[in-house]
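For reference, the structure discussed in these notes is given below.
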Amino acid sequence: MPLGISIAPASDVPIFRQILQQIQQAVALGRLQVGEQLPAIRVLAETLVINPNTVARAYQDLIRDGILESRSGRGVFVSQKRQV
């Protein structure tokens, strides 16, 4: 499940937004499938060498937008598209 997220610390775009945008793009392009599990917050933070709160904020925004879903005790997964 390599996400291939890369961050640019010198960018004007906040790091949490860079993560958010790259996950949105991966879902839109089909690189992340419905039901696929994302790395734990701490794991992704360690991989990117950033604060876990930054990853948590990106995940929370994606959960709020319905792109991801949190399953208690299991982790964060790509959510099914909602029918409006």
Sorted by chain and number, sequence neighbours left out, side-chain contact (heavy atoms from CB on, under 4.5 Å) with N53 holds for N51
Taken in chain and number order and not counting sequence neighbours, the residues that satisfy side-chain contact (heavy atoms from CB on, under 4.5 Å) with R31 are Q25, A26, L29
Look up atom [atom1] in [X] and atom [atom2] in [Y], then write down how far apart they are to the nearest 0.5 Å.
{"X": "I23", "Y": "Q18", "atom1": "CD1", "atom2": "CD", "answer": "12.0 Å"}
{"X": "L62", "Y": "I67", "atom1": "CG", "atom2": "CD1", "answer": "5.0 Å"}
{"X": "I19", "Y": "Y59", "atom1": "CD1", "atom2": "OH", "answer": "8.0 Å"}
{"X": "F16", "Y": "Q60", "atom1": "CZ", "atom2": "CD", "answer": "12.5 Å"}
{"X": "E46", "Y": "R42", "atom1": "CD", "atom2": "CZ", "answer": "8.0 Å"}

Name all pairs fulfilling the salt bridge (charged side-chain N to carboxylate O under 4.0 Å, His left out) condition that reach into residues 51-61, sequence neighbours left out, sorted by first residue then second.
->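 Non-adjacent pairs meeting salt bridge (charged side-chain N to carboxylate O under 4.0 Å, His left out): D61-R64.
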Show which side-chain atoms of residues 3-15 pair as donor or acceptor with protein atoms under 3.5 Å away, not counting sequence neighbours.
from : atom 1 : to  : atom 2 : distance (Å)
S11  : OG     : V13 : N      : 3.0

Pairwise side chain to side chain donor-acceptor pair (under 3.5 Å) hits with a residue in residues 67-77, at least two apart |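 Pairs touching residues 67-77 that pass the test: E69-R71.
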Sub-3.5 Å donor-acceptor pair from the side chain of T47 to the main-chain atoms of V43, do we have one?
-> yes
Under a 4.5 Å cut-off applied to non-hydrogen side-chain atoms, are P52 and I41 in contact?
->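 Yes, their side chains come closer than 4.5 Å.
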Should I50 and L44 be regarded as members of a common hydrophobic cluster, given that ILVMFWY residues are connected when their side-chain heavy atoms come within less than 4.5 Å of each other, either directly or indirectly?
->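 Yes, it is one cluster - the side chains of I50 and L44 are joined through contacts under 4.5 Å.
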